[in-house]
Novice: 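Attaching a single structure in C-alpha coordinates format; questions to follow.
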Amino acid sequence: DAGVIQSPRHEVTEMGQEVTLRCKPISGHDYLFWYRQTMMRGLELLIYFNNNVPIDDSGMPEDRFSAKMPNASFSTLKIQPSEPRDSAVYFCASSMGLAGGSNEQFFGPGTRLTVL
Amino acid sequence: AQSVTQPDIHITVSEGASLELRCNYSYGATPYLFWYVQSPGQGLQLLLKYFSGDTLVQGIKGFEAEFKRSQSSFNLRKPSVHWSDAAEYFCAVGALEEYGNKLVFGAGTILRVKS
(Lines give C-alpha, C1' and ligand atoms only; values in the text may rest on other atoms or scores of the structure.)
Protein backbone atom coordinates (compact mmCIF):
# COMPACT_ATOMS: atom_id res chain seq x y z
CA ASP A 1 0.00 0.00 0.00
CA ALA A 2 1.24 3.50 -0.80
CA GLY A 3 0.27 4.84 2.59
CA VAL A 4 -1.69 8.01 3.19
CA ILE A 5 -1.40 10.34 0.21
CA GLN A 6 -1.70 14.09 0.48
CA SER A 7 -1.66 16.76 -2.16
CA PRO A 8 -0.29 19.21 -2.77
CA ARG A 9 2.89 18.87 -0.72
CA HIS A 10 3.41 22.61 -0.77
CA GLU A 11 0.96 25.41 -1.34
CA VAL A 12 1.67 29.12 -1.45
CA THR A 13 -1.29 31.43 -1.79
CA GLU A 14 -2.32 34.96 -1.11
CA MET A 15 -4.56 36.11 1.68
CA GLY A 16 -8.21 35.86 0.77
CA GLN A 17 -7.80 32.99 -1.67
CA GLU A 18 -9.48 29.62 -1.31
CA VAL A 19 -7.23 26.69 -0.48
CA THR A 20 -8.13 23.02 -0.85
CA LEU A 21 -6.03 20.27 0.64
CA ARG A 22 -6.57 16.68 -0.40
CA CYS A 23 -6.11 13.33 1.26
CA LYS A 24 -6.39 9.70 0.22
CA PRO A 25 -6.40 7.38 3.25
CA ILE A 26 -5.10 3.85 3.34
CA SER A 27 -7.56 1.48 1.74
CA GLY A 28 -9.72 -0.27 4.31
CA HIS A 29 -9.20 2.30 7.05
CA ASP A 30 -12.45 3.60 8.49
CA TYR A 31 -11.15 6.61 10.42
CA LEU A 32 -9.65 9.74 8.89
CA PHE A 33 -8.12 12.62 10.80
CA TRP A 34 -6.99 16.13 9.85
CA TYR A 35 -4.29 17.78 11.96
CA ARG A 36 -2.56 21.14 11.87
CA GLN A 37 1.00 21.60 13.09
CA THR A 38 2.52 24.94 14.00
CA MET A 39 5.47 25.99 16.11
CA MET A 40 3.24 27.85 18.53
CA ARG A 41 0.47 25.30 19.03
CA GLY A 42 2.09 21.99 18.14
CA LEU A 43 -0.04 19.25 16.63
CA GLU A 44 -3.76 19.97 16.80
CA LEU A 45 -6.59 17.71 15.77
CA LEU A 46 -9.01 19.65 13.57
CA ILE A 47 -11.63 17.06 12.66
CA TYR A 48 -12.07 13.35 12.24
CA PHE A 49 -14.39 11.10 10.25
CA ASN A 50 -15.66 7.59 10.80
CA ASN A 51 -16.99 5.79 7.73
CA ASN A 52 -17.05 9.12 5.86
CA VAL A 53 -19.16 10.83 8.53
CA PRO A 54 -17.71 13.78 10.50
CA ILE A 55 -17.68 12.80 14.16
CA ASP A 56 -15.86 15.58 15.96
CA ASP A 57 -15.08 18.95 14.42
CA SER A 58 -14.48 20.78 17.67
CA GLY A 59 -10.91 21.50 16.65
CA MET A 60 -11.84 23.39 13.50
CA PRO A 61 -10.71 26.93 14.26
CA GLU A 62 -13.55 28.85 12.63
CA ASP A 63 -16.12 28.85 9.89
CA ARG A 64 -13.51 29.54 7.26
CA PHE A 65 -12.46 25.91 7.62
CA SER A 66 -14.53 23.06 6.25
CA ALA A 67 -13.85 19.39 5.60
CA LYS A 68 -15.61 16.76 3.58
CA MET A 69 -15.26 13.08 2.91
CA PRO A 70 -17.46 12.20 -0.07
CA ASN A 71 -16.26 8.59 -0.15
CA ALA A 72 -13.97 6.19 1.68
CA SER A 73 -10.95 7.05 -0.44
CA PHE A 74 -10.98 10.83 -0.49
CA SER A 75 -11.20 13.79 1.83
CA THR A 76 -10.70 17.52 1.47
CA LEU A 77 -9.93 20.32 3.88
CA LYS A 78 -10.89 23.72 2.57
CA ILE A 79 -10.01 27.16 3.85
CA GLN A 80 -12.00 30.06 2.46
CA PRO A 81 -10.87 32.80 2.70
CA SER A 82 -7.33 32.01 3.77
CA GLU A 83 -5.37 34.22 6.17
CA PRO A 84 -1.65 34.41 6.99
CA ARG A 85 -2.27 32.84 10.40
CA ASP A 86 -3.44 29.69 8.61
CA SER A 87 0.14 29.05 7.51
CA ALA A 88 1.07 25.63 8.91
CA VAL A 89 1.68 22.04 7.97
CA TYR A 90 -1.57 20.11 7.60
CA PHE A 91 -1.49 16.36 8.11
CA CYS A 92 -4.00 13.74 7.22
CA ALA A 93 -3.97 10.42 9.07
CA SER A 94 -6.04 7.27 8.90
CA SER A 95 -6.60 4.26 11.10
CA MET A 96 -8.54 1.03 11.16
CA GLY A 97 -10.77 1.03 14.18
CA LEU A 98 -10.88 3.24 17.20
CA ALA A 99 -7.95 5.63 17.38
CA GLY A 100 -8.50 6.26 21.05
CA GLY A 101 -7.97 2.60 21.57
CA SER A 102 -5.14 0.47 20.40
CA ASN A 103 -5.11 1.28 16.73
CA GLU A 104 -2.20 3.06 15.12
CA GLN A 105 -2.77 6.20 13.13
CA PHE A 106 -0.87 6.34 9.85
CA PHE A 107 0.16 9.83 8.81
CA GLY A 108 0.60 11.32 5.40
CA PRO A 109 3.62 13.48 4.52
CA GLY A 110 1.72 16.69 5.10
CA THR A 111 0.93 19.80 3.10
CA ARG A 112 2.96 22.88 3.95
CA LEU A 113 0.67 25.87 3.49
CA THR A 114 1.98 29.41 3.27
CA VAL A 115 -0.49 32.26 3.09
CA LEU A 116 1.09 35.57 2.12
CA ALA B 1 -5.05 21.00 31.65
CA GLN B 2 -2.13 19.40 29.87
CA SER B 3 -2.93 15.74 29.27
CA VAL B 4 0.44 14.72 27.88
CA THR B 5 3.63 16.43 28.99
CA GLN B 6 7.00 16.22 27.34
CA PRO B 7 9.14 18.37 29.62
CA ASP B 8 12.10 18.68 27.26
CA ILE B 9 11.63 20.82 24.18
CA HIS B 10 15.17 20.18 22.92
CA ILE B 11 17.72 17.50 23.75
CA THR B 12 21.22 17.20 22.34
CA VAL B 13 23.22 14.00 22.66
CA SER B 14 26.45 12.78 21.18
CA GLU B 15 26.37 10.01 18.62
CA GLY B 16 26.77 6.69 20.41
CA ALA B 17 25.47 8.02 23.70
CA SER B 18 22.33 6.78 25.36
CA LEU B 19 19.03 8.63 25.13
CA GLU B 20 15.97 9.02 27.29
CA LEU B 21 12.99 11.17 26.32
CA ARG B 22 10.43 11.83 28.99
CA CYS B 23 6.66 11.63 28.76
CA ASN B 24 4.10 12.03 31.52
CA TYR B 25 0.35 11.81 31.21
CA SER B 26 -2.60 12.68 33.37
CA TYR B 27 -5.31 10.05 33.33
CA GLY B 28 -6.81 7.93 36.06
CA ALA B 29 -6.65 4.54 34.42
CA THR B 30 -4.01 3.08 32.14
CA PRO B 31 -4.33 4.70 28.75
CA TYR B 32 -3.00 3.52 25.44
CA LEU B 33 0.46 5.01 24.97
CA PHE B 34 2.36 5.72 21.79
CA TRP B 35 5.63 7.22 20.65
CA TYR B 36 5.86 8.71 17.18
CA VAL B 37 8.87 10.14 15.35
CA GLN B 38 8.81 12.92 12.78
CA SER B 39 11.83 13.38 10.54
CA PRO B 40 12.26 16.78 8.89
CA GLY B 41 9.70 17.31 6.16
CA GLN B 42 7.96 14.02 6.87
CA GLY B 43 4.82 12.80 8.54
CA LEU B 44 4.73 11.02 11.88
CA GLN B 45 5.79 7.39 12.09
CA LEU B 46 4.91 5.04 14.94
CA LEU B 47 7.91 3.84 16.95
CA LEU B 48 6.11 1.73 19.53
CA LYS B 49 2.95 1.43 21.58
CA TYR B 50 1.79 0.07 24.93
CA PHE B 51 -1.62 -1.28 25.87
CA SER B 52 -1.08 -3.84 28.60
CA GLY B 53 1.21 -6.64 29.74
CA ASP B 54 4.97 -6.30 29.89
CA THR B 55 5.73 -2.71 30.84
CA LEU B 56 8.89 -2.62 28.72
CA VAL B 57 8.03 -2.49 25.05
CA GLN B 58 10.33 -2.74 22.08
CA GLY B 59 9.88 -0.70 18.97
CA ILE B 60 11.48 -0.07 15.64
CA LYS B 61 14.92 1.43 15.07
CA GLY B 62 16.24 0.07 18.37
CA PHE B 63 13.94 2.13 20.58
CA GLU B 64 12.21 0.91 23.71
CA ALA B 65 9.89 2.50 26.25
CA GLU B 66 8.91 1.66 29.79
CA PHE B 67 5.50 2.25 31.29
CA LYS B 68 5.56 3.17 34.97
CA ARG B 69 2.10 3.42 36.44
CA SER B 70 3.26 4.90 39.73
CA GLN B 71 4.88 7.80 37.92
CA SER B 72 2.34 8.12 35.08
CA SER B 73 5.28 7.99 32.73
CA PHE B 74 6.17 6.37 29.45
CA ASN B 75 9.77 7.31 28.72
CA LEU B 76 11.47 6.47 25.46
CA ARG B 77 15.01 5.11 25.47
CA LYS B 78 17.75 4.07 23.11
CA PRO B 79 21.10 2.71 24.28
CA SER B 80 23.18 4.16 21.46
CA VAL B 81 22.00 7.05 19.33
CA HIS B 82 22.80 7.32 15.64
CA TRP B 83 23.00 10.56 13.67
CA SER B 84 19.92 9.44 11.72
CA ASP B 85 17.86 9.56 14.93
CA ALA B 86 17.84 13.36 14.82
CA ALA B 87 14.14 14.18 14.57
CA GLU B 88 11.20 15.30 16.63
CA TYR B 89 9.58 12.78 18.94
CA PHE B 90 5.97 12.85 20.08
CA CYS B 91 4.34 10.99 22.90
CA ALA B 92 0.61 10.37 22.48
CA VAL B 93 -2.17 9.06 24.68
CA GLY B 94 -5.39 7.32 23.75
CA ALA B 95 -8.15 7.02 26.33
CA LEU B 96 -11.56 6.27 24.92
CA GLU B 97 -13.48 7.22 28.02
CA GLU B 98 -11.79 10.58 28.40
CA TYR B 99 -10.76 11.68 24.92
CA GLY B 100 -13.07 9.70 22.68
CA ASN B 101 -11.75 8.27 19.46
CA LYS B 102 -8.70 10.44 19.16
CA LEU B 103 -5.13 10.65 20.32
CA VAL B 104 -3.77 13.49 22.42
CA PHE B 105 -0.23 14.43 21.51
CA GLY B 106 2.48 16.01 23.60
CA ALA B 107 4.29 19.12 22.42
CA GLY B 108 7.21 17.10 21.10
CA THR B 109 10.93 16.86 21.87
CA ILE B 110 13.47 17.82 19.24
CA LEU B 111 16.50 15.57 19.31
CA ARG B 112 19.80 16.83 18.01
CA VAL B 113 22.70 14.43 17.57
CA LYS B 114 26.23 15.78 17.57
CA SER B 115 29.15 13.89 16.10
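Letters A, B, ... mirror the listed sequences (proteins, then strands); counts begin at 1.
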Novice: Under the side-chain hydrogen bond (donor to acceptor under 3.5 Å, both in side chains) rule, what do Asn75(B) and Ser73(B) come out as? Steps first, then yes or no, please.
Specialist: CA-CA 6 Å; Asn75(B) 294 348; Ser73(B) 69; 4.5 Å; no
Novice: More than 12 heavy atoms of other residues, nucleotides or ligands under 6.0 Å from CD1 of Ile60(B): is that the case?
Specialist: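 Result for CD1/Ile60(B): enclosed.
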Novice: Within residues 37-50 of chain B, which residues come under 4.5 Å of chain A, heavy atom to heavy atom?
Specialist: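 When heavy atoms of chain A are the reference, residues 37-50 of chain B contributes Gln38(B), Gly41(B), Gln42(B), Gly43(B), Leu44(B), Leu46(B), Lys49(B) within the under-4.5 Å range.
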Novice: Contact part of Arg112(A) toward chain B, heavy-atom cut-off under 4.5 Å: side chain, backbone, both or neither?
Specialist: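 Answer is neither: Arg112(A) stays 4.5 Å or more from chain B.
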Novice: When the aromatic ring centroids of Tyr32(B) and Phe51(B) are compared, is their separation below 6.0 Å?
Specialist: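 Yes, they do, as the ring centres are separated by less than 6.0 Å.
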Novice: Report, as yes or no, whether the 6.0 Å neighbourhood of atom CD on Glu15(B) holds more than 12 heavy atoms from other residues, nucleotides or ligands.
Specialist: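 More than 12 heavy atoms, drawn from other residues, nucleotides or ligands, come within 6.0 Å of this atom.
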Novice: Anything under 30° is parallel, anything over 60° is perpendicular, the rest tilted; go ahead and classify Tyr36(B) against Phe105(B).
Specialist: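 The rings of Tyr36(B) and Phe105(B) sit tilted, inter-plane angle from 30° to 60°.
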Novice: Side chain, backbone, both or neither: which part of Gln37(A) has a non-hydrogen atom closer than 4.5 Å to chain B?
Specialist: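 Contact with chain B involves the side chain of Gln37(A) alone.
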Novice: Any chance the rings of Tyr89(B) and Phe63(B) have centres within less than 6.0 Å?
Specialist: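 That pair passes the under 6.0 Å test.
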Novice: Check Tyr90(A), Tyr35(A), Trp34(A), Phe33(A) against Phe107(A) for a ring-ring contact (aromatic ring centres under 6.0 Å, His included) and give me the one that passes.
Specialist: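 Only one option passes, and that is Tyr35(A).
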